[in-house]
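In what follows, chains are A, B, ... by sequence order, proteins preceding strands, each numbered from 1.
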Number of protein chains: 2
Amino acid sequence: MSKSKRLMELMMTVNRKKKFTVKELATEFDVSTRTILRDLQELSELGVPLYSEVGPHGGYQVLNERILPPIAFTEEEAVAIFFACHALRHYAYLPFETESSSALSKFYFYMSGDVRDRIDEMKNRIDFVIPSRQAKFPYLSILLDGAIRQKVIRIEYESREGVSTRLIQPVGIYASSGLWYCPAYCFLREDIRLFRCDRIKFAAEDTSGMQPLDLRHLHLGNREALLPSEQEFASLYVELTEEGVHRCEAEHWTATKLHRREDGTGWLEGRLPKGDIPFLAQFFIGLGADATVQHPPALIDDIKRRLVEMMARYA
Amino acid sequence: MSKSKRLMELMMTVNRKKKFTVKELATEFDVSTRTILRDLQELSELGVPLYSEVGPHGGYQVLNERILPPIAFTEEEAVAIFFACHALRHYAYLPFETESSSALSKFYFYMSGDVRDRIDEMKNRIDFVIPSRQAKFPYLSILLDGAIRQKVIRIEYESREGVSTRLIQPVGIYASSGLWYCPAYCFLREDIRLFRCDRIKFAAEDTSGMQPLDLRHLHLGNREALLPSEQEFASLYVELTEEGVHRCEAEHWTATKLHRREDGTGWLEGRLPKGDIPFLAQFFIGLGADATVQHPPALIDDIKRRLVEMMARYA
DNA sequence: GTATTTGTGACAATAGTTGTCACTATTATA
DNA sequence: TATAATAGTGACAACTATTGTCACAAATAC
């Protein structure tokens with residue numbers, strides 16, 4: 001093995017291990033410890049962030065940073081990566097505890113000049129727009145950590161009825177249309193609930209000793225199954241215009257209920273929890289002429305009641 | 001200079017240049033051509049995708065792919081990059097002519113084991129959700145190229161009135177809520193218009209000889225300036241409940257108009273383009289009891305008209 | 001005090017590298 | 001067809017770099 005190859009493989013090896021000794025590497029690469037010491041010195045000079053501890057249980061470590069070894073990306077791949085990361089700037093809050101812009105700067109800086117030129121040309125010509133929100137989401141990383149590690153989190157949640165303290169166990173977090181949501185098991189309601197993260201006014205790991213449930217089988221990929229199961233249901237049927245179809249596409253709860261016709265119009269059909277009628281009434285009023293509810297009667301009644309109330313307010 | 005360093009720098013040099021000769025590199029690195037030939041052979045063996053052409057105007061080139069040299073990312077940076085790219089999977093159509101998933105696989109594959117483990121833990125716990133759209137956007141790359149290179153594009157556009165052929169000069173393209181839009185100068189209307197890309201049924205570079213305008217000063221970053229400026233304004237005043245305040249906080253157009261009181265309620269106050277009244281009427285209807293419009297009268301009238309229409313529909 | 005780790009310098013033996021040389025092959029162009 | 005410009009190959013003497021061994025130093029946990 002040539003020295004160049006050995007250095008390259010050594011770079012990948014130290015990248016992979018959290019901690020290692022000179023002796024260990026010497027055995028693995030079948031060279032002397034002196035040679036490994038020299039090689040590590042040379043890697044340091046090449047920019048690999050190594051540091052060492054002398055003494056028992058000592059050894060070498062790579063600083064927090066992980067080196068991405070040389071990768072060949074096509075120009076299109078590099079451009080896709082760049083603009084995907086560039087889109088993160090629209091989020092004032094992210095659960096990653098660093099500026100995503102530092103990642104982007106590094107990537108851009110090291111990319112070859114012609115790809116950089118291409119990116120510069122495109123920068124003001126393409127964007128993934130995410131609505132800029134005034135809301136604040138300061139507890140995203142606590143919630144995400146709670147979901148990953150199955151922890152109980154104490155939150156103060158602001159709803160219509162005011163601020164309440166709750167114990168929750170998060171399933172995950174997701175961003176939609178610039179807002180962050182957290183489906184979680186609520187110990188107060190003893191059921192899965194969807195929380196809007198800007199309404200979480202405080203969050204910290206619970207210290208009261210509440211035992212977490214085993215929710216490993218639940219995740220964002222099967223979040224439709226997160227809906228409450230012991231509820232009364234009614235069957236829903238709503239006619240939609242083409243515009244109504246588009247607006248329902250943007251709502252995740254419609255995913256299994258939305259049907260389309262060739263001409264672009266469509267309909268919603270399926271079961272709905274009776275407890276959701278107030279929310280749905282207001283939702284379909286918001287769709288205006290683009291939705292016509294035909295079933296269930298209770299929903300139509302609620303819509304009519306609200307329309308009358310609104311008419312009175314504007315008389 | 002040690003051989004290892006020379007190889008590393010040579011990797012970066014060939015990465016940067018589109019095309020180069022052995023002689024040129026030998027001069028640049030102050031070694032013989034024989035040594036450069038050997039070095040290039042060794043780079044090949046290390047995986048750099050080089051290919052050569054013999055004869056006049058020959059030389060070496062790096063295949064389409066560009067090598068990203070070793071970069072040290074923090075774990076958080078790597079995770080941010082990964083999930084930003086992962087979010088691209090929600091787009092069935094992208095203007096980048098490759099699968100963004102191949103970029104992501106490469107990135108993931110070469111990242112060190114512990115970061116990979118972390119990503120795996122997080123994969124079903126965090127997501128940037130983009131609505132899944134049935135619409136098709138097959139001409140994104142043509143439009144983007146048109147914007148970058150200031151080209152005139154012939155399109156067939158489907159609007160309410162049917163399909164029309166137009167010549168446009170794109171300013172750029174952007175994705176919002178899963179749909180792609182293209183602000184462009186329309187030669188038919190002799191003004192800037194916003195086109196929805198799923199309604200562009202055909203697009204190709206114009207061959208009729210229409211001269212492009214110089215639109216270099218226009219781009220997505222100043223697209224608010226793309227809107228028509230000769231508009232009539234009216235003054236808006238809306239009382240909001242606490243819930244109404246929350247829901248307006250989530251809207252970007254309210255940024256300069258929203259005022260809050262100590263008790264959590266608030267109001268919207270400011271000027272609005274008269275052309276926005278239909279949109280705003282439906283918006284405030286969707287807020288229901290949480291908003292009460294007090295000014296302008298034209299908006300109140302539109303709201304009332306829509307309420308009457310809806311009541312008739314549910315009678 | 002002992003054991004375990006990193007660390008340093010020196011040197012002989014060995015391996016690898018370099019530039020020069022002579023020659024080959026390919027290709028565009030006049 | 002000849003020429004020029006490019007990549008390419010093998011060989012070899014001279015030179016450089018690398019390696020492992022050795023002796024010793026320093027730091028640290030137990």
Side-chain angles (χ1 to χ4, degrees), chain A residues 1-67 72 112 114, chain B residues 1-67 70 72 114:
Chain A
M1 183 184 309
S2 77
K3 188 185 174 187
S4 302
K5 275 194 184 174
R6 196 179 68 238
L7 279 182
M8 196 66 75
E9 293 194 17
L10 193 57
M11 189 192 297
M12 292 170 91
T13 298
V14 301
N15 198 35
R16 200 177 59 230
K17 299 186 181 230
K18 280 188 185 293
K19 192 166 177 172
F20 49 88
T21 62
V22 171
K23 189 169 171 182
E24 190 182 324
L25 292 182
T27 301
E28 192 167 328
F29 282 83
D30 198 28
V31 291
S32 69
T33 57
R34 189 72 184 84
T35 295
I36 290 293
L37 281 170
R38 288 193 188 101
D39 283 355
L40 291 176
Q41 171 70 17
E42 196 161 341
L43 282 189
S44 275
E45 285 162 13
L46 287 175
V48 180
L50 296 170
Y51 88 98
S52 63
E53 277 178 354
V54 177
H57 309 297
Y60 272 84
Q61 295 183 53
V62 184
L63 285 172
N64 196 24
E65 303 188 294
R66 287 291 176 268
I67 309 112
S112 67
D114 58 339
Chain B
M1 181 184 312
S2 76
K3 188 185 174 186
S4 301
K5 275 195 187 172
R6 194 178 69 236
L7 278 184
M8 196 65 75
E9 293 194 17
L10 193 57
M11 191 193 295
M12 292 169 92
T13 299
V14 301
N15 197 34
R16 198 178 59 233
K17 297 184 182 237
K18 280 190 184 294
K19 193 167 176 170
F20 49 89
T21 62
V22 170
K23 188 168 173 183
E24 189 183 323
L25 291 184
T27 303
E28 192 168 324
F29 282 84
D30 199 29
V31 291
S32 68
T33 57
R34 190 69 186 86
T35 296
I36 289 293
L37 280 171
R38 289 194 189 101
D39 283 354
L40 291 176
Q41 170 70 17
E42 194 160 342
L43 282 189
S44 275
E45 285 162 14
L46 287 173
V48 180
L50 296 170
Y51 87 98
S52 63
E53 275 175 355
V54 178
H57 310 296
Y60 272 84
Q61 294 182 51
V62 184
L63 285 175
N64 195 24
E65 304 187 296
R66 287 289 177 267
I67 308 114
D114 58 340

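- Closest approach of B/Met11 and B/Val48 over heavy atoms only: CG-CG2, 4.2 Å.
- In this structure, the separation between CG on B/Leu25 and CG on B/Asp30 is 13.0 Å, given to the nearest 0.5 Å.
- Here C/dT6 presents its P atom at 12 Å from CG of A/Leu50, a figure rounded to the nearest Å.
- Per the geometry, NZ belonging to B/Lys23 stands 16 Å off P belonging to C/dG19, to the nearest Å.
- One atom, CZ of A/Phe20, and another, P of C/dT5, lie 14 Å apart when rounded to the nearest Å.
- More than 12 non-hydrogen atoms from other residues, nucleotides or ligands lie less than 6.0 angstrom from NZ of A/Lys19.
- Going from atom CG of B/Leu43 over to atom CZ of B/Arg38 covers 14.5 Å, rounded to the nearest 0.5 Å.
- Note that the NZ atom of B/Lys17 and the OG atom of A/Ser112 stand 13.0 Å from one another [nearest 0.5 Å].
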Anything under 3.5 Å between a protein N or O and an N or O of nucleotides 20-23 of chain D, put it in a table, one pair a line.
| from | atom 1 | to | atom 2 | distance (Å) |
| --- | --- | --- | --- | --- |
| D/dG20 | OP1 | A/Ser32 | N | 3.4 |
| D/dG20 | OP2 | A/Ser32 | N | 2.9 |
| D/dG20 | OP2 | A/Ser32 | OG | 2.5 |
| D/dG20 | OP2 | A/Thr35 | OG1 | 2.3 |
| D/dG20 | O6 | A/Arg38 | NH2 | 2.8 |

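- We find that CD of B/Glu42 is positioned 14 Å from C1' of C/dT18, with the value rounded to whole Å.
- The interatomic distance linking B/Leu37 (CG) with C/dT24 (P) rounds to 18 Å, in whole Å.
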Short N/O separations, protein against nucleotides 24-30 of chain D, under 3.5 angstrom:
| from | atom 1 | to | atom 2 | distance (Å) |
| --- | --- | --- | --- | --- |
| D/dT28 | O4' | A/Val54 | O | 3.4 |

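- The residue among A/Gly58 and A/Gln41 whose nearest nucleotide of DNA chain C lies closer to the 5′ end is A/Gly58.
- Between A/Lys3 and A/Asp39 the shortest side-chain heavy-atom distance falls below 4.5 Å.
- The nearest whole Å value for the distance from the CD atom in A/Glu24 to the P atom in C/dT6 is 9 Å.
- Between A/Phe20 and A/Thr13, the closest side-chain pair of non-hydrogen atoms is not below 4.5 Å.
- Taken to the nearest 0.5 Å, the CD atom of B/Glu9 stands 9.5 Å off from the CG atom of A/Leu46.
- Applying the side-chain contact (heavy atoms from CB on, under 4.5 Å) test to B/Ser2 and every residue at least two apart in sequence or in another chain returns A/Glu42, B/Ser4, B/Lys5.
- The separation between A/Asp39 atom CG and C/dT6 atom P is 14 Å, rounded to whole Å.
- Rounded to whole Å, the distance from NZ on A/Lys3 to C1' on C/dG16 is 11 Å.
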